[in-house]
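Heads up: numbering here begins at 1 and tracks the sequence.
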Amino acid sequence: MEFSELEYVNQALQGKAVSLTNEMRAFRSAIKALTSMLQAFPTSLQQDKELLESAESMSTNQRNAVVLRKTQKEILVNNIVVLGKMWENILLSGELFGSVAV
């Protein structure tokens, strides 16, 4: 939030939109944080899928660790997609959450 938007802090605490600029910053920050988390993994999602296809040489614990890591990445990717779609819907509908016009 910007200093000029502090009068809307109660709206923000109730989960309501404050302004288009604030929402854009929030979406960008969330997507950036999720992307950073995804990039912090030592392997890509595709590499994990390939590892699991040739899992016969792995122990059960190793396989389970790769399955967990792959699932975590899928959750991050899905959240990035959902946030992108939510932002797209805001722009297409012309309304922020809580029926606040853009």
- request: Report the distance from atom OG of Ser29 to atom CE of Met24, rounding to the nearest 0.5 Å.
  value: 9.5 Å
field: In one Ile/Leu/Val/Met/Phe/Trp/Tyr side-chain cluster, 4.5 Å: Leu83, Leu45
entry: no
message: Under 4.5 Å between side-chain heavy atoms, counting indirect links through other Ile/Leu/Val/Met/Phe/Trp/Tyr residues: same cluster for Val66 and Met37 or not?
response: no
task: Quick one: which residue pairs count as a salt bridge (Lys or Arg N to Asp or Glu O under 4.0 Å) with a foot in residues 70-81, not counting sequence neighbours?
output: Asp48-Lys73, Lys70-Glu74
message: Among residues at least two apart in sequence or on other chains, which ones pass salt bridge (Lys or Arg N to Asp or Glu O under 4.0 Å) with Glu50?
response: none
- prompt: Do Leu34 and Ile75 share a hydrophobic cluster, counting only Ile, Leu, Val, Met, Phe, Trp and Tyr and linking them when any side-chain heavy atoms are less than 4.5 Å apart?
  reply: no
query: Is Leu91 linked to Met86 within one hydrophobic cluster, defined over Ile, Leu, Val, Met, Phe, Trp and Tyr using a side-chain heavy-atom separation of less than 4.5 Å?
result: yes
query: Roughly how far apart are Leu76 CG and Ile31 CD1, rounded to 0.5 Å?
result: 12.5 Å
query: Do Pro42 and Gln47 come close enough that some side-chain heavy atom pair is under 4.5 Å?
result: no
message: By the side chain to side chain donor-acceptor pair (under 3.5 Å) test, which pairs, at least two apart or in different chains, include something from residues 76-90?
response: none
message: Please tell me whether Leu38 and Leu51 are part of a single hydrophobic cluster in this structure, the criterion being side-chain heavy atoms less than 4.5 Å apart.
response: no
